[in-house]
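What follows is a short report on a single structure.
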Amino acid sequence: MNKILTTTLLAATMAATSAFADTVRLGTEGAYPPYNFVNDKGEIDGYERELGDKLCEIAKLECTWVKNDWDTIIPNLVSGNYDVIIAGMSITAERDETIDFSQEYYPADPSAFLALAGTKDDAVNGIVAAQTATVQASYVNESGATLVEFATPDETIAAVKNGEADAVLADDAYLKPFVEESGGELIFLGPKVQIGGGVGMGFRESDTELKAKFDAAIDMMKKDGSLNELIAKWFDGYQANY
Amino acid sequence: MSLQYCADPSLLHGWQWLSCYLLTPKHQLFYTSFLVVFALLAITAPVVLLLGFAGAMAKRSSFLPLRWFGSIYTSMVRGVPDVIFFLFVPIALDQLVEYARHKIKCPDITAPVYQGSDFIVCAAAKMPTSNADAWVHQLWGFSLAVIAFSIVFGAFAANTIHGALQAVPHNQLETARAYGMSDSQVFRRVHLPQMWTYALPGLSNLWMILVKATPLLFLLGVEDIVYWARELGGAKTSYFEYPHPDWRLWYFLALLVFYLLLTWLSGKFFARLTDKFSVDKSRSKANSIKPTLIGIGR
């Protein structure tokens, strides 16, 4: 609550001083806890919400949040609907061809397979669900398993529960609460796989100045240890070494 | 608006949990989004009717280029799948507006607008500008959707109205002329009033299709009822105050009931309207869905 008040106050004062102060629009998916999600108040919440607000404060930028579906999150950045992607996006060479990335603000998260209890380990080569346009989707595609894609992450889990898919491949941090809260219905299957690099913010290739500002802000948070604290808070005590 | 006992959701059970759950601010956003659907219908329907009239008149015009324009408009929109049109128009319109504003507001910038895959206009040309409130962005997106809907359904309406104008028996118009009425008098007194009888079944059908096409708003990124139903229905883990399994089935069922109610009420309304517009009541009651049988003073 306090944080929201500060941001509003900050926004109000900045709007007063210069009516044309550039507002930076942060684009996120709002469906990928703990990275980002829409809470019961209807507000964007999660690790990236808190991180994004903090980074804007450090970089002295006025920021607003925009929700956008995952599968069009890159095209809509490029066409200028918002200025930054901050949506649990792994830094990959393929994406780097269309957009630019900041330095990582979350280390490479291993991906895990989730399945119904009692599923045999070779299900990872059967029908595997993944969210469209994710690193996991391309991994499954290349692994020889049959890929079924879904627009939102929670549909992939629903697919496993319905028996439509044998397993889901997604970030470990996203799947963890589903397994823990399923009462034994859902399990992790087989070993975890390391796909893609760390998680970074996405920018238009022409936006080098904005990217530099956020890079500097991330640097500051890495140096003073506040980034590690934030990660531990949202990712169940996970210790990152920044 | 929230109830006293809702302070700590983790302690709640049964109907108390449910009542608090259904009153969360997020659910209130869902309830208000029904207004978005009604607003779309309330704005689009009259615009569609106007465009339909304009299109039909253009098609009947004695001025050749106007006739071409009318025919191209109706056949082009009719020949393209709605969804493609809905995806194309808002993006094209958005970029067109921003391009024009860029040329007007920032004439000094010579860098090309299209740089590789980036579409770059100056900050002042952004529509809406980046410091505008979120609701302005929502409204802009909604307006683009309204325009797309109006163009598509306007073309359908133009065809319906054009057909209805053709369907009015020719000898009646001749008779009117024989009575000494001018062309515009014939149109206003005989042609137009009778046209409605022939147009109404087609227009009521169009209304039903329009109602059922409203979830396309979701496709255009407008936060409508489908958006919130999917968002609220998805499985929620303990990161949320009200965790629950996948409930999309129930949310979509609610939407299904909503649309059934809406189309059912619309059907009743149009049945009455058809009744009102048919001149020969005794025949129209017997044959209310066959407008070709409704004559006048024959």
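Sequence lines set the chain letters: A, B, ... in the order given, protein chains first and strands last, and positions in each chain run from 1. Note that the structure is a prediction, hence the values are computed from the model and not measured.
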What part of B:His137 gets closer than 4.5 Å to chain A, counting heavy atoms only: side chain, backbone, both or neither? side chain
Check each atom of B:Tyr227 against the heavy atoms of chain A and say whether the ones under 4.5 Å are side chain, backbone, both or neither. side chain
Does any non-hydrogen side-chain atom of A:Thr152 lie less than 4.5 Å from one of B:Arg230? yes
So for atom CZ, which belongs to B:Phe69, do other residues, nucleotides or ligands contribute more than 12 heavy atoms lying within a distance under 6.0 Å? no
A:Asp40 side, atom CG; B:Leu23 side, atom CG - distance, nearest 0.5 Å: 12.5 Å
For B:Tyr99, look at atom OH and say whether over 12 heavy atoms of other residues, nucleotides or ligands are found less than 6.0 Å away. no
Using modelled atom types only, decide if a donor and an acceptor are shared between the side chain of B:Asp246 and the backbone of A:Ala158 within a distance under 3.5 Å. no
Quick one: what part of A:Arg25 sits under 4.5 Å from any heavy atom of chain B, side chain, backbone, both or neither? side chain
Between the CD atom in A:Glu180 and the OG1 atom in B:Thr237, the distance rounded to the nearest 0.5 Å is 10.0 Å
With respect to chain B, which residue among A:Thr64, A:Val38, A:Val24 yields the maximal number of heavy-atom pairs within a distance under 4.5 Å? A:Val38
Applying a strict 4.5 Å limit to non-hydrogen atoms, the region of A:Asp207 in contact with chain B is neither
How long is the gap from OH on B:Tyr239 to OH on A:Tyr35, to the nearest 0.5 Å? 9.5 Å
Which distance, rounded to the nearest 0.5 Å, do you find between the CG of A:Asn39 and the NZ of B:Lys236? 11.0 Å
Can you name the closest pair of heavy atoms from A:Asp154 and B:Gly234 and give their distance? OD1-CA, 3.4 Å
Top of A:Lys161, A:Glu155, A:Glu205 for chain B proximity - count of heavy-atom pairs under 4.5 angstrom: A:Glu155
Between OG of A:Ser79 and OH of B:Tyr114, what distance do you get to the nearest 0.5 Å? 9.5 Å
Looking only at non-hydrogen atoms, find the nearest pair between A:Ser206 and B:Ile120 and report the distance. OG-CD1, 3.3 Å
Atom CZ of B:Phe88: over 12 foreign heavy atoms under 6.0 Å: no
